[in-house]
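These notes are about the structure you will find just below.
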Number of protein chains: 2
Amino acid sequence: MGNIHDIARLAGVSASTVSRVLNNHPYVSTEKRQAVLDAAEQLHYEKNINAVHLSRGKTETIGVILPYVNHPYFGTILSGIAAAAEENGFKLMIVQTKYDVNQEIDALNMMKLKQVDGLIITSRECPIEMVEDYSTYGSIVLCEAWTGSQMSSVYINHFKAFKEAITFLKDRGHSKIGYTIVRVDGKSSIARRNAYEEVFHYVRDEWVFDNSLTIEDGVRVAGEWKELEKRPTAMLITNDFVAAGFILECRRLGFQIPGDVAVIGFDNHPIAAPLGITTIDLPLQRLGEIAFQQAISPTEITHQEVPFTIVKRESV
Amino acid sequence: MGNIHDIARLAGVSASTVSRVLNNHPYVSTEKRQAVLDAAEQLHYEKNINAVHLSRGKTETIGVILPYVNHPYFGTILSGIAAAAEENGFKLMIVQTKYDVNQEIDALNMMKLKQVDGLIITSRECPIEMVEDYSTYGSIVLCEAWTGSQMSSVYINHFKAFKEAITFLKDRGHSKIGYTIVRVDGKSSIARRNAYEEVFHYVRDEWVFDNSLTIEDGVRVAGEWKELEKRPTAMLITNDFVAAGFILECRRLGFQIPGDVAVIGFDNHPIAAPLGITTIDLPLQRLGEIAFQQAISPTEITHQEVPFTIVKRESV
DNA sequence: TTGAAAGCGCTAACAA
DNA sequence: TTGTTAGCGCTTTCAA
């Protein structure tokens with residue numbers, strides 16, 4: 001316990017000298033340095049980081065906004081962010097929004113209040129203009145395609161990835177292709193629709209399954225797919241978790257993969273390999289690492305697209 | 001911008017009155033209150049939370065130590081913690097340790113430095129005595145069986161759960177039972193060995209597979225299981241992810257589940273249902289919620305065991 | 001190389 | 001109901 005002044009008194013120096021020693025500043029004589037160190041030791045001194053933050057005006061902390069911490073997509077991004085934060089001696093503050101705007105605003109306010117130096121938004125609900133307004137308070141990194149000059153971005157080109165997947169299926173003779181999305185008005189959902197239309201000119205609405213984020217959703221979609229009069233012969237699925245649920249339920253219902261329906265997933269989650277899911281590998285861990293770097297580099301705004309690769313297995 | 005004194009000046013009151021208004025204290029006249037509010041509005045005032053933290057001596061922030069943020073076991077606990085934190089207006093600081101002691105110490109130090117008011121340790125590497133020493137700086141919650149008077153705990157009784165699972169298999173005629181663990185010297189590994197010995201009096205070392213945490217590990221273990229001269233006819237597996245890898249790889253190798261080998265997993269992760277995995281349901285989300293409540297109740301140390309239930313499916 | 005002094009911005013006990 | 005004052009504990013400029 002005790003503070004910097006107690007040390008100063010005990011060591012017979014001023015508080016500023018103590019501060020210098022504690023922060024490894026040069027220009028402190030060896031004797032005084034040692035006296036300070038001894039006194040600190042003797043008093044079991046621990047610095048109060050809040051005072052440091054107040055005084056310095058920054059916290060070496062980055063906030064992370066994500067809808068669900070325990071979803072593999074966001075969890076993997078978070079893991080990358082956490083690894084990079086550790087390397088750079090930064091702390092991480094997380095806010096799980098469950099896609100709730102108010103939660104997101106709460107997180108944005110952490111930056112206003114100087115609780116965090118920067119903010120990484122893995123998925124956004126608020127209008128982009130509103131988010132941009134907050135960039136005066138600290139650095140904001142978006143994990144979505146964006147090219148403005150106030151906020152950095154790192155993202156996967158969903159349009160390109162989706163188009164490549166569709167083309168892959170089309171090349172293998174599929175013309176009846178369905179797909180799943182998380183939410184109809186989501187950003188990547190729109191990109192996917194555009195990609196679809198560019199290949200097939202027309203999207204059959206009953207072949208688009210929304211609300212697909214989890215394994216359970218995949219199971220449900222399989223049931224819905226089965227009931228269709230005209231079933232797609234191939235499905236592009238939000239992520240490998242949903243694909244896993246879909247495939248396992250299809251099998252349970254007596255269908256063959258890829259015989260009755262071919263499947264392409266996204267992420268290349270570890271579950272994809274043993275299930276033989278053909279998938280689009282997304283470097284999510286890497287994306288998280290990049291996002292962190294951008295977050296701590298407020299002066300240089302960059303926009304980085306991370307590459308994806310198709311991983312061929314047995315589901316197509 | 002601007003601070004509390006600027007508001008005070010503009011509103012023609014003292015800083016303390018401003019503070020009172022901003023914190024909804026009673027005993028402020030309506031006129032002065034309004035004047036302060038107007039001034040704050042006009043100056044686009046934002047409070048500096050670091051000053052508040054310094055002044056109050058607490059941060060309304062809880063730290064969470066976990067080995068891997070994107071592992072379903074820890075991710076689900078974290079999700080429960082995050083939900084409870086949100087409800088109580090607390091922030092969360094996470095530290096991903098990857099089972100590295102230094103990372104854990106780093107996290108413990110956050111409490112020394114008054115960066116967090118409390119700490120939830122979902123998995124521990126440091127000696128318990130060392131962790132306990134930190135409890136003078138704030139509240140510590142352990143997610144493991146523990147009954148000391150300085151730290152709260154919330155946990156699953158691994159011994160009991162494991163014993164029940166073994167008994168379940170034994171009752172169905174299995175006498176050659178293997179199992180997987182994360183690390184040989186882990187706390188739950190020891191509990192499991194004890195449970196095993198209580199039922200069978202003897203543990204055959206080649207039937208214990210360590211380093212089993214992920215889907216890939218499950219795949220690997222299936223290969224190892226196959227190579228055994230004397231193969232267990234049943235396996236108790238660390239968690240449903242590992243079980244998924246194990247089952248899928250066994251099938252790929254031409255074995256039947258449960259014909260050639262029965263499987264029980266842990267967690268009741270969403271993947272368990274479509275794969276038909278018999279599993280021990282662990283209320284991890286709930287565990288996280290309880291841990292949070294304990295973390296913000298430093299005065300009452302409690303020890304709570306959360307119940308598990310066996311979920312019967314087709315893998316046994 | 002060192003210290004004094006002025007912050008950083010907010011809270012709260014006390015007195016009025 | 002309000003203001004004064006003394007912190008909370010550290011950093012940093014300036015002058016010596």
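From a predicted model like this one, the values you see are computed outputs, not experimental measurements. Throughout, a chain's letter reflects where its sequence line sits, starting with A, and its residues are numbered from 1.
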### Query
dT2(D) C1' sits how many Å from Glu31(B) CD, rounded?
13 Å
### Query
To the nearest angstrom, how far is Arg33(A) atom CZ from dG3(C) atom P?
13 Å
### Message
What is the separation between atom NE2 on His25(A) and atom C1' on dT12(D), rounded to the nearest whole Å?
### Response
8 Å
### For Ser188(B), side chain to side chain donor-acceptor pair (under 3.5 Å) partners two or more places apart
none
### Task
Could you please spell out the steps behind the side-chain hydrogen bond (donor to acceptor under 3.5 Å, both in side chains) verdict for Asp6(A) and Tyr45(A)?
CA-CA 9 Å; Asp6(A) 299 326; Tyr45(A) 171 75; over 6 Å; no
### Task
Nearest whole angstrom, please: distance from the C1' of dG3(C) to the NZ of Lys32(A).
9 Å
### Message
Between C1' on dC10(C) and CG on Asp6(B), what's the gap in Å once rounded to a whole number?
### Response
13 Å
Mind listing the N/O atom pairs, protein and nucleotides 7-11 of chain D, below 3.5 Å?
unit_1  : atom_1 : unit_2   : atom_2 : d
dG7(D)  : N2     : Ser55(B) : OG     : 3.3
dC10(D) : OP1    : Tyr45(A) : OH     : 2.1
dC10(D) : OP1    : Asn48(A) : N      : 3.4
dC10(D) : OP2    : Ile4(A)  : N      : 2.7
dC10(D) : O2     : Ser55(A) : OG     : 3.4
dT11(D) : OP1    : Asn23(A) : OD1    : 3.4
dT11(D) : OP1    : Asn23(A) : ND2    : 3.2
dT11(D) : OP2    : Ser19(A) : OG     : 2.8
dT11(D) : OP2    : Asn23(A) : ND2    : 3.2
dT11(D) : O4'    : Ser55(A) : OG     : 2.6

### Task
Give the intermediate values and the outcome of side-chain hydrogen bond (donor to acceptor under 3.5 Å, both in side chains) for residues Ser153(B) and His303(B).
CA-CA 5 Å; Ser153(B) 67; His303(B) 303 290; 2.8 Å; yes
### Query
Does Thr17(A) make a side-chain N or O approach to OP1 or OP2 of dT1(C) shorter than 4.0 Å?
no
### Message
Suppose we screen for side chain to side chain donor-acceptor pair (under 3.5 Å). Which residues come up paired with Ser139(A), at least two apart in sequence or across chains?
### Response
none
### Message
In this structure, how many angstroms lie between the P atom of dT11(C) and the NZ atom of Lys58(B), rounded?
### Response
14 Å
### Query
For the pair made of CD in Glu60(B) and P in dT11(C), what is the distance, rounded to whole Å?
12 Å
### Task
Take Gln42(A) and Asp38(A) through the side-chain hydrogen bond (donor to acceptor under 3.5 Å, both in side chains) test and state the conclusion after the steps.
CA-CA 6 Å; Gln42(A) 193 181 328; Asp38(A) 289 347; over 6 Å; no
### Task
Please indicate whether Lys58(B) has more than 12 foreign heavy atoms, meaning atoms of other residues, nucleotides or ligands, lying under 6.0 Å from its NZ.
no
